[in-house]
Structure formats: C-alpha cells, structure tokens
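So the structure is just underneath, and the comments pick up after that.
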2 protein chains.
Amino acid sequence: MTVSKTAEKSSEKSGEAAKGRKDAGEPLAETLQLGELSEQLGYVLKRAQLKVFENFLRCMASLQLTPAQFSVLLLVEKNPGRNQTEIASTLGILRPNFVAMLDNLESRDLCARIRSTNDRRSHILVLTDKGKAVLARAKKLVATKHEARLNDLLGQSNREALIAMLSKIANEF
Amino acid sequence: MTVSKTAEKSSEKSGEAAKGRKDAGEPLAETLQLGELSEQLGYVLKRAQLKVFENFLRCMASLQLTPAQFSVLLLVEKNPGRNQTEIASTLGILRPNFVAMLDNLESRDLCARIRSTNDRRSHILVLTDKGKAVLARAKKLVATKHEARLNDLLGQSNREALIAMLSKIANEF
DNA sequence: TATTGTTATACTCTATAACTATA
DNA sequence: TATAGTTATAGAGTATAACAATA
C-alpha cells in the first residue's frame with residue numbers, strides 16, 4: 001500500500017487488507033468508532049425501533065399486516081362501537097391519513113365501516129369475522145415469533161422492565 | 001412495575017363526550033382501552049421514539065439541528081478522514097440521500113467535503129471550526145436539557161439499563 | 001356554527017436505477 | 001470492470017386546508 005504523506009487514509013477495501021497488518025500500535029480503523037453516539041438515547045431508540053419493525057414485518061409476512069394495521073385491528077377489537085376519529089386519534093394517526101388505511105383493511109374484508117344511527121356523520125368501526133380470525137392468528141404469530149424473540153434476548157423480567165420504561169417515556173417525556 | 005397512568009391525547013373537546021351515558025355505574029368510556037397494545041414492544045418503542053425526537057428538536061431549536069444532523073456531526077468528529085460512503089453507511093443512511101444532507105450542513109459551514117488526494121473520487125469529510133463549535137454547544141444542550149430529562153424520569157441506573165437493552169436489540173434482534 | 005369523513009396537497013424519509021468521473 | 005458521488009424519481013409517512021353531509 002502506498003503510504004501517502006498527504007492524505008489521512010484511503011478507502012481500505014475489506015478485512016483482508018487490514019488483517020495482514022503488522023503495526024500493532026494503531027487500532028484497525030476498519031470499522032468506524034460510534035463514540036458518544038452509542039450512548040445517545042434517540043440514536044439507539046431509533047435503531048432499535050427499525051430492527052423491531054423489520055422483524056415484525058417478517059413475522060407477519062404470511063398475514064401481510066404492518067405494525068400500524070395490527071394496532072388498528074387490536075384497538076378496534078378492544079373498543080367496539082368507536083368511530084374513525086376516536087380510533088385514529090388514540091393511535092396518533094391523523095384523520096385524513098386514516099382514510100386510505102381503512103380503505104385497505106376494508107377492501108381485504110378485515111374490518112367494516114358502519115354508519116352510526118345516533119350520528120349519521122360517524123362511521124362505527126367493527127372487525128369482520130375474517131378480521132377477527134386474522135387478528136387471532138396475528139396475535140399468535142406475534143407472541144410466538146416476535147415477542148418471544150425479545151424474551152430470548154433479554155429475559156422475561158428485563159423485557160417487562162424495558163416495556164415499562166418505554167411506556168413511561170412515551171407518556172411522560 | 002405497572003404501566004404508568006396515561007394522559008395519552010386526552011381529546012376531551014367539549015362536554016359532548018358524555019352523550020349517551022345514562023347509568024352512572026359504568027366507567028366513563030371517554031378514553032379508549034389500549035388493551036394488549038400497551039404491551040406491544042413495537043408500539044411502545046415507536047411512541048417513545050417519537051417523544052424523544054420531539055424533545056430533542058425542542059432542546060436543539062436554538063442550533064437548528066435534527067437528530068440525524070447531530071449524529072452526522074458526532075460521527076465525523078469522531079472519525080476524521082472518512083468519506084461520504086463510510087459515514088453514511090455507518091448511520092444507515094443511503095448514499096443518495098446523504099448528498100442533500102451534506103449540502104445542508106456544508107451550506108451552513110458546519111462541515112466540508114475535501115477531495116481525497118489518494119482517490120480523487122472520494123470526498124473526505126471534516127468539521128469546520130464553526131462545526132466544531134456548534135457541535136460542542138449541541139453536546140452541552142443534549143446533556144443538560146435532553147439526556148438529563150431521562151435521568152430525572154428513570155434514574156441513572158435505569159437509564160443505563162435502558163440504553164444497554166436498546167443497543168442489544170439494535171445489534172442482535 | 002361545529003364536527004365527521006373525505007379529498008387534495010405538500011413535505012419529509014426512504015429506496016432504486018442510472019449517470020460522471022475516477023480507479 | 002468497479003467504485004464514489006450524484007441526479008432523478010418513486011414510494012411511504014405525516015401534515016394542513018377545505019369541502020359535503022350532518023349535527
């Protein structure tokens with residue numbers, strides 16, 4: 001390798017190049033130092049969230065449910081008789097953006113909009129029979145493939161502590 | 001630990017909420033039941049991440065730095081002499097998307113691209129003097145306003161445990 | 001007048017293909 | 001041929017204004 005006097009370092013190809021190095025004084029410098037970044041709450045939180053969503057999508061591939069869609073089905077099941085505005089706002093979804101999402105779920109016959117008799121402006125949301133069945137299967141997949149993985153990684157008690165701390169941040173930060 | 005009391009969105013617009021309620025025995029039902037959602041890792045992770053980023057932006061309002069921009073400055077400072085591809089890929093940013101981001105930082109005179117003498121295709125990244133000064137101020141703001149808030153909320157040891165668990169998820173999930 | 005669901009729209013993030021200049 | 005930086009572009013996700021039906 002041409003050791004240049006001017007520039008710091010060139011793009012050191014792959015591991016093989018650095019593997020054969022004999023000058024033991026310097027660190028390999030092959031991988032970048034994250035430094036303080038690895039202690040930044042926001043950074044590690046974002047990276048963890050991306051990994052978890054990615055895993056969620058893989059686990060749910062057979063049902064074709066995104067995390068957001070799963071949360072809608074869960075909330076509708078738990079709160080029958082609520083309208084779009086209530087479900088959406090609870091999930092932090094803006095009403096205009098909730099329309100296309102519901103169109104999707106309704107077109108797949110997972111949930112249905114029912115015009116309220118009390119207030120004919122409102123659409124009451126309910127799960128269809130297929131929606132209930134799919135949600136039941138989704139819950140099993142999440143429990144056995146997704147959340148179980150977290151238990152393997154952290155252990156049951158740590159997992160509970162993690163959820164509790166994240167909830168606290170979500171609610172009080 | 002139990003899940004802390006939620007103050008979710010409290011979408012209590014007007015007294016209209018108590019519309020059809022006649023028997024006083026039932027719970028208000030004004031707020032929706034989150035149910036299993038509050039135990040879903042992905043859900044609570046995402047909500048926490050949004051809150052943390054939101055707080056970060058408020059803390060950094062005077063410096064106009066986003067979490068992503070802050071992470072770039074930190075990484076460039078810690079790894080001088082690296083090129084765009086190395087910095088971007090370490091942060092999980094795709095090279096095409098990194099261009100506009102660097103244009104922004106460079107236009108604000110926070111960092112600079114220097115054509116490498118070894119490989120004239122590469123742009124070596126460095127912080128300008130102003131960039132170093134701004135980053136130093138940013139670090140102080142993050143430590144005193146942002147991360148300190150996490151300590152207040154969870155305590156020092158819990159905070160460390162949280163970061164450790166999130167790192168583990170980010171790296172091994 | 002206010003609210004529900006909706007449309008239209010815009011802005012940010014993210015993702016892929018292809019170009020250029022170097023190697 | 002392959003790689004670094006770049007352009008163009010497309011797709012999600014998210015944000016606001018405004019309109020029709022209804023209250």
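This one's a predicted model, so the numbers in the text were calculated from it and none came from an experiment.
Side-chain contact check for A/Glu147 versus A/Leu150: some heavy-atom pair is nearer than 4.5 Å.
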Original post:
Checking ring-ring contact (aromatic ring centres under 6.0 Å, His included) for the pair B/His146/B/Phe53: CA distance, chi angles, key distance, verdict?
Top reply: CA-CA 10 Å; B/His146 184 65; B/Phe53 270 43; 8.7 Å; no
Subject >> Stepwise salt bridge (charged side-chain N to carboxylate O under 4.0 Å, His left out) check, B/Lys51 with A/Glu172 >> reply: CA-CA 9 Å; B/Lys51 272 289 182 68; A/Glu172 302 174 32; over 6 Å; no
Original post:
So A/Met165 and B/Met165, side chain to side chain contact (heavy atoms under 4.5 Å, CB included) or not? Walk me through it.
Top reply: CA-CA 11 Å; A/Met165 286 192 279; B/Met165 286 192 279; 3.5 Å; yes
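For B/Phe98 and D/dT7, the CZ to P distance is 15 Å, given to the nearest whole Å. Rounded to whole Å, the distance from CD1 on B/Ile114 to C1' on D/dG5 is 16 Å. The separation between A/Asn83 atom CG and C/dT6 atom C1' is 14 Å, rounded to whole Å. Taking atom CG of A/Leu102 as the reference point, atom P of C/dG5 lies 9 Å away to the nearest angstrom. A straight line from CD1 of A/Ile87 to P of C/dG5 spans 10 Å, rounded to a whole angstrom. Atom C1' of nucleotide D/dA18 and atom CZ of A/Arg95 are separated by 15 Å, given to the nearest angstrom. Rounded to an integer number of Å, the gap from A/Gln49 CD to D/dG13 P is 11 Å. Atom CD in A/Gln69 sits about 13 Å away from atom C1' in D/dG13, given to the nearest Å.
Under the 3.5 Å distance criterion, the side-chain polar atoms of B/Gln84 are left unmatched by any main-chain donor or acceptor of B/Ser122.
Ring geometry, B/Phe56 versus B/Phe70: the interplanar angle falls from 30° to 60°, so the pair is classed tilted.
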Grab the N/O contacts between the protein and nucleotides 19-23 of chain C below 3.5 Å, and write none if there aren't any.
| from | atom 1 | to | atom 2 | distance (Å) |
| --- | --- | --- | --- | --- |
| C/dT22 | OP2 | B/Arg120 | NH2 | 3.4 |
| C/dA23 | OP1 | B/Arg120 | N | 2.9 |

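For residues 63-80 of chain B, the salt bridge (charged side-chain N to carboxylate O under 4.0 Å, His left out) pairs, not counting sequence neighbours, are B/Glu77-B/Lys139.
The side chain of B/Ser122 places no N or O atom within less than 4.0 Å of a non-bridging phosphate oxygen (OP1 or OP2) of D/dT3. The phosphate of C/dT6 has OP1 or OP2 within less than 4.0 Å of a side-chain N or O from A/Arg113.
Helix-axis bend for the helix from C/dT1-D/dA23 to C/dA23-D/dT1: the local axis fitted to the five terminal pairs at one end deviates from that at the other end by 10°, rounded to 10°.
Contacts of B/Arg58 classified as salt bridge (Lys or Arg N to Asp or Glu O under 4.0 Å), with partners at least two apart in sequence or in another chain: B/Glu54. Checked against salt bridge (Lys or Arg N to Asp or Glu O under 4.0 Å), A/Glu39 has no partners two or more places apart in sequence or in another chain.
Counting non-hydrogen atoms of other residues, nucleotides and ligands closer than 6.0 Å to CZ of B/Arg115 gives a total above 12.
Side chains of B/Glu160 and B/Gln156: a donor on one and an acceptor on the other come within 3.5 Å.
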Original post:
When you check every protein heavy atom under 4.0 Å of nucleotides 9-16 of chain C, what one-letter string (B, S, -) results, 5' to 3'?
Top reply: -----BBB
